[in-house]
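Lettering of chains follows the sequences in order, A, B, ..., and the numbering in each one begins at 1.
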There are 2 protein chains.
Amino acid sequence: MIHFKIAIDCVIVGYDSQLNELKVLLTERVNEPQKGKWALPGGFVKKTESFEKTAASILLRETGMTNVYLRQLKAYSLTDASQDNRIASVAYYSLVKFENLTDASRQQYSRWFPWNGIPTLPFDHGKKVAFAFEKIKELVRLEPVVYHLLPTKFPLNQLQRFYEALYNIKIDNRNFRKKILKLPYIERLDEVEKNVSHRPGYLYHFNEKKYKENSSPY
Amino acid sequence: MIHFKIAIDCVIVGYDSQLNELKVLLTERVNEPQKGKWALPGGFVKKTESFEKTAASILLRETGMTNVYLRQLKAYSLTDASQDNRIASVAYYSLVKFENLTDASRQQYSRWFPWNGIPTLPFDHGKKVAFAFEKIKELVRLEPVVYHLLPTKFPLNQLQRFYEALYNIKIDNRNFRKKILKLPYIERLDEVEKNVSHRPGYLYHFNEKKYKENSSPY
DNA sequence: GCAAAAGTGTTACCCTTACACCCATGA
DNA sequence: TCATGGGTGTAAGGGTAACACTTTTGC
C-alpha cells in the first residue's frame with residue numbers, strides 16, 4: 001500500500017489599496033528541491049494536525065495573523081515523485097487585511113508580489129495561484145468576502161476601485177453607490193477620510209451580524 | 001515524517017425522474033472496519049494513479065460509466081487514526097444519467113438511496129454526502145450541470161420538476177417556460193413524449209456547444 | 001484657482017413574478 | 001368524459017445601466 005507525505009501550500013492574498021492591486025505572499029525556498037526559488041509558503045502535515053490546522057500555522061508563521069479567512073482550495077496528487085514515497089498536497093487560500101500586517105510579520109524570506117507580476121513558480125504552484133484567483137473572483141460575486149481584504153473602515157471609492165481592479169472593468173460611480181448603499185450590512189460611520197487632497201468621503205464598514213441576519217439560508 | 005494512506009470516496013448522484021428524486025449510490029462494506037455497513041464507494045490511491053484517476057476508476061467499477069461529470073469535493077484529514085499511519089481522504093462527487101445505467105452496472109453490493117432516505121453512514125461519509133448536496137445545489141444555480149443528471153432528451157416539465165425537487169419549491173410553469181425557452185442552448189427537438197396519459201410535450205436537449213459559445217468568459 | 005474625488009436623479013430596459021384558461025392525449 | 005399535464009399573454013415591480021454637474025478639500 002502506497003503512502004504519501006502531505007504538504008500544505010497556502011495562497012495568501014492581500015489587497016494593497018495604495019497601489020490598487022492584489023498581492024500574493026511568496027517565500028524563498030530554503031531547502032532543496034528548488035532551493036532559492038520563490039514559491040508558495042507551505043509545510044508538511046504533522047502527526048497530530050489536521051490540514052486546516054497546518055494551514056493556519058503556516059499562515060501564522062508567515063503573517064503573524066490568526067483568525068483570518070482561510071479555505072481549502074484543492075488537493076493535488078503530484079505524480080512526478082519517486083518510487084514508494086509520493087507527495088500529495090492540499091492547497092489553501094487565505095484573504096488577509098494588508099493594513100493589519102506588522103513589520104514584524106514581514107519575514108526575511110517572504111515578499112508580497114503583485115498579482116500580475118508573479119515569477120514562474122516551481123512544482124504546480126503557478127497552477128494553484130491561478131486557480132485561487134479564479135476562485136476568489138467567483139467568490140467575490142457570491143459573498144461579501146471583499147471585506148476580508150479591505151481595511152475595516154473604507155471609503156466607498158476604495159471598494160469601487162477594488163472591483164474595478166479585480167474584474168478589470170470601469171464602474172459608474174452613481175450606480176455603484178446606489179447599489180452598495182442599499183445593502184443593509186454596509187454602514188456609514190461618523191468618520192471621514194483624512195489627508196486626502198480632495199473632498200474627503202465618509203468611511204463605511206461591513207456589519208457581519210447584519211449580513212447574517214439578512215441573508216436567506218437558501 | 002508522518003505518512004498517510006489516501007482514500008478516495010465518491011458521492012455518486014443520480015436523478016430518478018420516475019420518482020422525481022435525487023439518489024446516491026452506496027455500497028455495503030466488505031472489509032473491516034465497519035464491515036456490512038452502507039458507505040460511500042471508495043478505494044485507496046494506487047501507486048501510479050492521480051486522485052482523479054482513482055475516482056474515475058471507482059466510478060467505472062460502480063456504474064460502468066466513463067466520461068461522466070466528476071469533480072473534487074474536498075480533502076479530509078481524519079484524525080482518529082492510530083500512531084504513525086494516518087488516513088486522509090479526498091472526496092469526489094459525480095453526476096450521472098440514471099437512464100444510462102445498465103443492469104450490468106447494478107452491482108451486487110451497491111444500491112441507490114433516495115436523498116432523504118440515506119442511512120447513517122460510518123466515518124465522515126455523512127458529512128461528505130451533505131456537503132456534496134450543498135455544492136450541487138449551488139452549482140445548479142450557476143452552471144447548467146442539471147443536464148448531466150437528466151436524460152439526454154427531456155420534456156420541459158421534467159426539468160421543472162427537477163428544480164422543484166432540488167430546492168423544494170413550486171414554480172409557475174408559464175414563467176418557467178419563458179425563462180428556459182429564452183436560453184439559446186436549450187433546443188426543441190422534432191420529437192414528443194410517448195406513452196403519457198396526457199397531451200404529449202415536445203422533447204428538448206442541451207446543446208453544449210451553444211452554451212460555450214454564448215457564455216462570457218467572465 | 002486648480003486638481004481630484006465626493007456626492008447626487010432620472011429614464012429606459014430587462015427580468016421576474018403573479019395570475020387563468022383551453023388543448024391534446026390515454027384510460 | 002375525465003384526469004393529467006401541455007401550452008399560452010399581460011401587467012406590475014424591482015434591478016441594472018446610461019447619462020453630467022455641483023461640492024469640498026489640499027495644494
Side-chain angles (χ1 to χ4, degrees), chain A residues 16-21 140-144 150-151 153-205 214-216 218, chain B residues 15-21 140-142 144 150-151 153-205 214-216 218:
Chain A
D16 183 340
S17 54
Q18 309 286 301
L19 300 176
N20 190 25
E21 62 185 15
V140 168
R141 288 189 194 281
L142 302 174
E143 292 171 44
L150 290 185
K153 302 170 179 184
F154 52 87
L156 285 186
N157 112 314
Q158 193 171 21
L159 185 60
Q160 182 177 336
R161 284 191 306 141
F162 175 88
Y163 282 109
E164 291 178 334
L166 183 61
Y167 299 115
N168 195 30
I169 52 173
K170 197 86 197 89
I171 303 175
D172 176 275
N173 86 327
R174 273 179 293 193
N175 293 336
F176 184 76
R177 292 177 149 265
K178 260 182 297 182
K179 188 165 168 177
I180 299 298
L181 295 178
K182 214 180 309 175
L183 300 175
Y185 50 84
I186 301 295
E187 293 174 337
R188 200 179 84 171
L189 303 169
D190 283 331
E191 216 175 321
V192 293
E193 292 178 278
K194 293 220 169 67
N195 300 319
V196 288
S197 71
H198 57 77
R199 174 176 172 180
Y202 279 98
L203 298 179
Y204 291 76
H205 82 299
N214 285 288
S215 57
S216 66
Y218 57 91
Chain B
Y15 172 64
D16 183 339
S17 54
Q18 308 286 301
L19 301 175
N20 190 25
E21 63 185 15
V140 168
R141 287 189 193 281
L142 302 175
L150 291 185
K153 302 171 179 183
F154 52 88
L156 285 186
N157 114 311
Q158 192 170 22
L159 184 61
Q160 181 177 338
R161 285 192 305 142
F162 175 88
Y163 283 109
E164 291 178 334
L166 183 60
Y167 299 115
N168 196 28
I169 52 173
K170 196 85 198 92
I171 304 176
D172 177 276
N173 87 326
R174 274 181 291 193
N175 293 337
F176 183 76
R177 291 178 147 266
K178 260 182 297 182
K179 188 166 169 178
I180 300 297
L181 295 178
K182 215 181 307 175
L183 301 175
Y185 50 84
I186 302 295
E187 293 175 337
R188 199 179 85 171
L189 302 170
D190 283 332
E191 216 176 321
V192 293
E193 291 178 279
K194 294 220 167 66
N195 300 320
V196 289
S197 73
H198 56 76
R199 174 174 170 181
Y202 279 99
L203 298 178
Y204 291 76
H205 81 300
N214 285 290
S215 57
S216 66
Y218 56 91

So if I take residues 191-203 of chain B and measure heavy-atom distances to DNA chain C, which residues fall below 4.0 Å?
B:V196, B:S197, B:H198, B:R199, B:P200
Report the distance from atom CZ of B:R177 to atom C1' of C:dC21, rounded to the nearest whole Å.
15 Å
Point-to-point distance, once rounded to the nearest 0.5 Å, from CZ of A:R161 to CD of A:Q158
6.5 Å
Can you tell me how far the CZ atom of A:F176 sits from the OH atom of A:Y163, to the nearest 0.5 Å?
6.0 Å
Search all heavy atoms of A:H205 against all heavy atoms of A:F154 and return the closest pair with its distance.
CA-CE2, 3.9 Å
Does a side-chain heavy-atom distance below 4.5 Å link A:Y204 with A:I180?
no
From CZ of A:F176 over to P of C:dA6, roughly how many Å is that when rounded to an integer?
11 Å
Contact interval (first through last nucleotide) of DNA chain D with protein chain B, 4.0 Å heavy-atom
D:dA3 to D:dT10
Could you state the atom-to-atom distance from CZ of B:R174 to P of C:dA18 in whole Å?
12 Å
Run the side-chain hydrogen bond (donor to acceptor under 3.5 Å, both in side chains) test against A:E21 and tell me which residues pass, sequence neighbours left out.
none
Taking for each residue the nucleotide of DNA chain C with the nearest heavy atom, is it A:Q158 or B:D172 whose nucleotide lies nearer the 5' end?
A:Q158
Tell me which pairs pass salt bridge (charged side-chain N to carboxylate O under 4.0 Å, His left out) where either residue lies in residues 172-190 of chain A, with sequence neighbours left out.
A:E187-A:K210
List, one per line, each side-chain donor-acceptor pair under 3.5 Å for residues 191-203 of chain B, sequence neighbours excluded.
unit_1 : atom_1 : unit_2 : atom_2 : d
B:E191 : OE1    : B:K153 : NZ     : 3.0
B:E191 : OE2    : B:K153 : NZ     : 3.4
B:E193 : OE1    : B:G201 : N      : 2.9

Please list each protein N or O that sits under 3.5 Å from an N or O in nucleotides 11-17 of chain C, with the distance.
unit_1 : atom_1 : unit_2 : atom_2 : d
C:dT17 : O4     : B:K178 : NZ     : 3.0

When rounded to the nearest 0.5 angstrom, what is the spacing between CD1 in B:I186 and CG in B:L156?
8.5 Å
Give the rounded distance in Å between these two atoms: CG of A:N173 and C1' of C:dT8.
9 Å
Applying side chain to side chain contact (heavy atoms under 4.5 Å, CB included), can you list everything that pairs with A:P144, at least two apart in sequence or on another chain?
A:Y147, A:Y185, A:F206, A:Y211
For A:L181 and C:dA6, what is the distance between atoms CG and P respectively, to the nearest whole Å?
12 Å
For atom NZ of B:K170 and atom C1' of C:dC19, their distance in whole Å:
14 Å
Would you mind reporting whether A:N157 and A:N173 have side-chain heavy atoms less than 4.5 Å apart?
no
Going by side-chain hydrogen bond (donor to acceptor under 3.5 Å, both in side chains), name the residues that satisfy it together with A:N20, two or more places apart in sequence or in a different chain.
A:Y15
